[in-house]
Colleague: 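One structure is given below, represented as C-alpha cells, and several questions about it will come after.
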Amino acid sequence: MKILLLSNHPPHGGGAANSSQELACELRSIGHKVLQIAPYCIATDLAEYPGLIWIPINDPWDTLTMTAGNKDSIDRQVLEIYRQQGPFDCVIFGREYYLWNLPAVKCIHSGPVITICRGGHITHLDSNRPVEPKVRQDLIQLYRDCDLIICIAGYLVDIVRKVTGAKNQIFCPNPVSLPRLNSPVIYQPTAKDPIRLLMAAQMKSRKRPLDAVKIVGFLEERGVDVYLTVCGSGMMMAQMQECIRNYGLEKRIDMRGQVDRQEVLDLMHQVETVLLCSEREGIPRVLQEAIASGKGVVAYDNPGSREVVSQWLGDSPLGRIVPLGNSVAASHAILDIADYWRTDYQPIVPPQLPQDQEIIYEYESILQTLIRESSNPQIIKALA
C-alpha cells in the first residue's frame with residue numbers, strides 16, 4: 001500500500017506524535033510505503049529521513065478549530081505534495097484536528113480517508129464545555145464524511161456514535177513499542193528514601209500541570225520528603241515556573257522541559273510513581289508506559305486514564321484514580337503507594353502492552369479491506 005499520513009511528529013505533539021511516528025515506522029517495516037506530512041511550530045530538532053516532510057504551521061494545536069490561515073496553508077501544502085508524490089491508496093489523519101483538511105483532501109484523493117480518534121475533539125463535543133453551534137455542526141459532518149474512524153480506546157467508539165450518529169468507527173489500540181522496558185529494573189525504595197515522582201505532560205491547560213505543584217506543596221507542608229521531575233513544555237511553562245516559586249518548591253520540583261521519549265523512559269526507572277493530572281485523555285501513553293515498567297500511577301479520573309488503570313491494573317495497589325481536581329486525594333494516593341512500596345510490596349509482573357506487531361497487522365488488514373472495498377457501502381458494516 002501507498003499511504004499518506006498527516007499528523008504531528010516528535011518533538012511536536014506529545015503522545016499523538018509518538019504514536020503516529022510508530023504507526024508510520026511499523027507500516028514501513030512490513031513493506032508499505034508511508035509518506036508522513038508533519039506540521040511544526042518551531043524549527044528545532046526536526047528529524048530528517050526519507051518518508052517525512054515537515055511543513056511550517058504557526059498553531060498551538062490544542063484547539064478545537066483550525067484558523068482559516070492555517071487551514072489554507074495546510075490544504076495548499078498537502079495538495080502540492082500529493083500532486084508531486086501521489087496518488088495514494090489511502091490517507092490517514094493521525095489526529096482529529098486534521099478533520100478540517102478533509103474537504104481539500106477529498107478534492108484530489110479518490111480513495112478512503114481514515115481519521116484516528118484520540119479523544120481530544122470528540123470528548124470536547126460530548127462535554128458541557130461551550131462549542132459554537134456552527135463549529136459543532138461542521139465537525140460532526142466531517143466525522144461522518146470520513147470513510148473510517150479508528151478509535152484508540154473502547155469508550156471512544158461509543159462517544160463517536162453518540163455524538164455524530166455515524167457508524168463508521170471501530171476500535172484499534174495504538175501500536176506501542178517499548179524495547180527498553182521489556183525487562184524493567186524495579187526501583188525499590190527503602191524507608192529512608194524520599195518519594196520520587198515523575199510527570200510527563202505538555203504544559204497546557206487540560207493537562208492541569210499547576211495541580212502537580214499543589215500536590216507536592218501539600219506533601220511538603222506535612223513533612224514528606226518528596227521530589228517531582230516534570231518533563232514537557234508548552235504555553236503554561238512560565239506560569240508553571242512562577243507557581244513553583246510561589247510555593248517555594250524550587251528544590252522539590254525539577255523542570256526538565258521538552259525532552260525526547262527515551263529520556264522519559266530512563267527517568268521512569270528512577271521513580272516509584274507517575275503522576276497525571278489531565279482532565280481529558282484519549283488513552284494516556286505515559287500511564288501505559290508506567291504500568292508496563294512496574295511503576296505506581298496516580299491519575300485524575302477521566303475515561304481514558306480510567307480505562308488504562310482498570311484494564312491493566314485492576315485492583316492492584318499500584319494504581320489510583322482520584323476525583324478530577326482533588327489534589328488532596330492525589331496526595332493521599334501517592335502516600336498510600338509510597339507506603340506499599342516500603343512495607344507491603346510484593347513483586348508484580350508488569351502487564352504487557354498490546355503487542356505492536358499484532359496491532360500493525362490489524363491496521364494492515366483494516367486498510368487493505370477498506371481500500372479493496374471502498375466503493376462498497378457494506379464495508380463499514382463489515383469492519384464494525
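Here, residue 1 is the first one in the sequence, and each next residue gets the next number. In this text the structure is predicted, and so the values were computed from the model without any measurement.
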Colleague: Parallel, tilted or perpendicular: which fits the ring planes of Tyr97 and His121, with parallel below 30° and perpendicular above 60°?
Modeller: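 The arrangement is perpendicular - the two ring planes meet at more than 60°.
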
Colleague: Say whether Leu142 and Leu64 are linked into one hydrophobic cluster, either directly or through other cluster members, by side-chain heavy-atom distances under 4.5 angstrom.
Modeller: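 Yes, it is one cluster - the side chains of Leu142 and Leu64 are joined through contacts under 4.5 Å.
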
Colleague: So do the side chains of Thr164 and Ile122 get within less than 4.5 Å of each other, counting heavy atoms only?
Modeller: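 They are in side-chain contact.
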
Colleague: Does Ser365 reach the main-chain N or O of Tyr361 with its side chain, forming a donor-acceptor pair under 3.5 Å?
Modeller: no

Colleague: Name the orientation class of the two ring planes belonging to His332 and Phe218 (parallel below 30°, tilted from 30 to 60°, perpendicular beyond 60°).
Modeller: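 Rings of His332 and Phe218: perpendicular, over 60°.
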
Colleague: The criterion is side-chain contact (heavy atoms from CB on, under 4.5 Å); which residues satisfy it with Arg136, sequence neighbours excluded?
Modeller: Leu125, Val131, Ile140

Colleague: Side chain of Lys2, backbone of Val34: donor and acceptor closer than 3.5 Å?
Modeller: no

Colleague: Using atom types as modelled and distance alone, determine if a side-chain donor or acceptor of Tyr340 lies under 3.5 Å from a backbone N or O of Leu335.
Modeller: no

Colleague: Find out whether Leu99 and Leu139 are in side-chain contact, i.e. whether some heavy atom of one side chain is under 4.5 Å from a heavy atom of the other.
Modeller: yes

Colleague: Kindly state each residue pair satisfying ring pair (Phe, Tyr, Trp, His ring centres under 6.0 Å) with at least one member in residues 271-296, sequence neighbours excluded.
Modeller: none

Colleague: State whether the side chain of Gln36 and the backbone N or O of Asn8 hold a donor-acceptor pair below 3.5 Å, judged by distance alone.
Modeller: yes

Colleague: Show your reasoning for whether side chain to side chain donor-acceptor pair (under 3.5 Å) applies to Ser278 and Glu281.
Modeller: CA-CA 7 Å; Ser278 298; Glu281 289 286 341; 2.6 Å; yes

Colleague: Would you please name every residue forming a side-chain contact (heavy atoms from CB on, under 4.5 Å) with Arg342, sequence neighbours left out?
Modeller: Pro189, Asp193, Ile195, Glu272, Ala338

Colleague: Regarding Asp266 and Gln262, is there a side-chain donor-to-acceptor distance under 3.5 Å anywhere?
Modeller: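 There is such a pair (donor and acceptor under 3.5 Å, judged by atom type) between the side chains of Asp266 and Gln262.
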
Colleague: Apply side-chain contact (heavy atoms from CB on, under 4.5 Å) to residues Trp341 and Leu318 and explain how you reach the verdict.
Modeller: CA-CA 9 Å; Trp341 274 110; Leu318 289 178; 3.9 Å; yes

Colleague: Check Leu6, Leu367, Leu4 against Ile92 for a side chain to side chain contact (heavy atoms under 4.5 Å, CB included) and give me the one that passes.
Modeller: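 Answer after filtering Leu6, Leu367, Leu4: Leu367.
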
Colleague: Within the side chain of Arg196, is there an N or O that forms a donor-acceptor pair under 3.5 Å with the backbone of Val226?
Modeller: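 No: the side chain of Arg196 does not pair with the backbone of Val226.
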
Colleague: Is there a continuous path of hydrophobic side-chain contacts, each under 4.5 Å between heavy atoms, that joins Ile170 to Ile152?
Modeller: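 Shared cluster, yes.
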
Colleague: Is a donor from one side chain sitting under 3.5 angstrom from an acceptor on the other, for Thr229 and Arg256?
Modeller: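 Absent: no donor and acceptor within the cut-off.
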
Colleague: Assess whether side-chain contact (heavy atoms from CB on, under 4.5 Å) is satisfied between Trp100 and Asp138, documenting all intermediate values.
Modeller: CA-CA 9 Å; Trp100 298 106; Asp138 289 348; 3.9 Å; yes

Colleague: Are any non-hydrogen side-chain atoms of Leu148 and Ile366 less than 4.5 angstrom apart?
Modeller: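 When only atoms from C-beta onward are counted, Ile366 and Leu148 do touch, with a gap below 4.5 Å.
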
Colleague: Is the backbone of Ala17 close enough, under 3.5 Å, to the side chain of His9 for a donor and an acceptor to pair up by distance?
Modeller: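 Absent.
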
Colleague: Heavy atoms only: give me the nearest Asp147-Gly111 pair and the separation to one decimal.
Modeller: OD2-O, 4.2 Å

Colleague: Mind running salt bridge (Lys or Arg N to Asp or Glu O under 4.0 Å) on Glu279 and Arg206 for me, showing each step along the way?
Modeller: CA-CA 6 Å; Glu279 61 186 41; Arg206 77 174 176 90; over 6 Å; no

Colleague: For Asp145, give me all partners under side-chain contact (heavy atoms from CB on, under 4.5 Å), at least two apart in sequence or on another chain.
Modeller: Leu102, Gln141

Colleague: For residues 77-87, run the donor-acceptor check on the side chains, cut-off 3.5 Å, and write out each pair with its distance to 0.1 Å, sequence neighbours left out.
Modeller:
unit_1	atom_1	unit_2	atom_2	d
Gln77	NE2	Ser73	O	3.4
Gln77	NE2	Ser73	OG	2.9
Tyr82	OH	Phe88	N	3.2
Tyr82	OH	His109	ND1	2.8

Colleague: Looking at CD1 of Ile30 and CD of Glu364, how far apart are the two atoms once the value is rounded to the nearest 0.5 Å?
Modeller: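 One gets 4.0 Å once the value is rounded to the nearest 0.5 Å.
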
Colleague: Apply side chain to side chain donor-acceptor pair (under 3.5 Å) to Tyr143 and Glu96, showing your working.
Modeller: CA-CA 9 Å; Tyr143 279 106; Glu96 295 155 277; 2.4 Å; yes

Colleague: Begin from the C-alpha positions of Asp211 and Tyr300 and carry the test side chain to side chain donor-acceptor pair (under 3.5 Å) through to its verdict.
Modeller: CA-CA 10 Å; Asp211 284 26; Tyr300 280 169; 2.7 Å; yes

Colleague: Hydrophobic cluster membership, with links at side-chain heavy-atom distances under 4.5 Å among I/L/V/M/F/W/Y: are Val163 and Phe93 in one?
Modeller: yes

Colleague: May I have the step-by-step check of side-chain contact (heavy atoms from CB on, under 4.5 Å) for Glu289 and Arg261, ending in yes or no?
Modeller: CA-CA 11 Å; Glu289 293 164 349; Arg261 183 166 173 243; 3.1 Å; yes

Colleague: Side chain to side chain donor-acceptor pair (under 3.5 Å) with Asp336: which residues, sequence neighbours excluded?
Modeller: none

Colleague: Under 4.5 Å between any side-chain heavy atoms of Leu197 and Val271, yes or no?
Modeller: no

Colleague: Ignoring hydrogens and geometry, is there a side-chain-to-backbone donor-acceptor pair from Glu307 to Gly154 under 3.5 Å?
Modeller: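 Yes; at least one donor-acceptor contact below 3.5 Å.
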
Colleague: Are Asp158 and Lys162 close enough for a salt bridge, meaning some N to O gap below 4.0 Å?
Modeller: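 Looking at Asp158 and Lys162, the cut-off is not met.
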
Colleague: I'd like to know if the side chain of Ser127 reaches the main chain of His124, judged simply by a donor and an acceptor atom lying under 3.5 Å from each other, with no hydrogens or angles considered.
Modeller: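 Checking the backbone N and O of His124 against the side chain of Ser127, a donor-acceptor pair under 3.5 Å is found.
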
Colleague: Would you find a donor on one side and an acceptor on the other, under 3.5 Å apart, between the side chain of Ser19 and the backbone of Ala16?
Modeller: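 No.
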
Colleague: What are the two closest heavy atoms between Val160 and Cys151, and how far apart are they?
Modeller: CG2-SG, 4.0 Å

Colleague: Where the side chain of Arg208 meets the backbone of Leu276, is there a donor-acceptor pair that is under 3.5 Å apart?
Modeller: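 Checking the backbone N and O of Leu276 against the side chain of Arg208, no donor-acceptor pair under 3.5 Å is found.
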
Colleague: Does the pair Asp75/Lys71 count as a salt bridge with the N-to-O cut at 4.0 Å?
Modeller: yes

Colleague: Working note: Tyr40 + Ile57, criterion side-chain contact (heavy atoms from CB on, under 4.5 Å); need CA distance, chi angles, decisive distance, verdict.
Modeller: CA-CA 6 Å; Tyr40 67 90; Ile57 297 294; over 6 Å; no

Colleague: Find out whether Ile321 and Ser305 are in side-chain contact, i.e. whether some heavy atom of one side chain is under 4.5 Å from a heavy atom of the other.
Modeller: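 Touching, per the 4.5 Å side-chain cut-off.
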
Colleague: More than 12 heavy atoms of other residues, nucleotides or ligands under 6.0 Å from NZ of Lys106: yes or no?
Modeller: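 Count over threshold, so yes.
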
Colleague: Quick check: is Phe171 connected to Tyr155 through a chain of hydrophobic side chains (ILVMFWY, heavy atoms under 4.5 Å apart)?
Modeller: no

Colleague: Charged N to carboxylate O below 4.0 Å: is that the case for Arg372 and Asp89?
Modeller: no

Colleague: Dump the intermediate steps for salt bridge (Lys or Arg N to Asp or Glu O under 4.0 Å) on Asp301 and Arg320, then the final yes or no.
Modeller: CA-CA 9 Å; Asp301 192 2; Arg320 295 286 194 281; over 6 Å; no

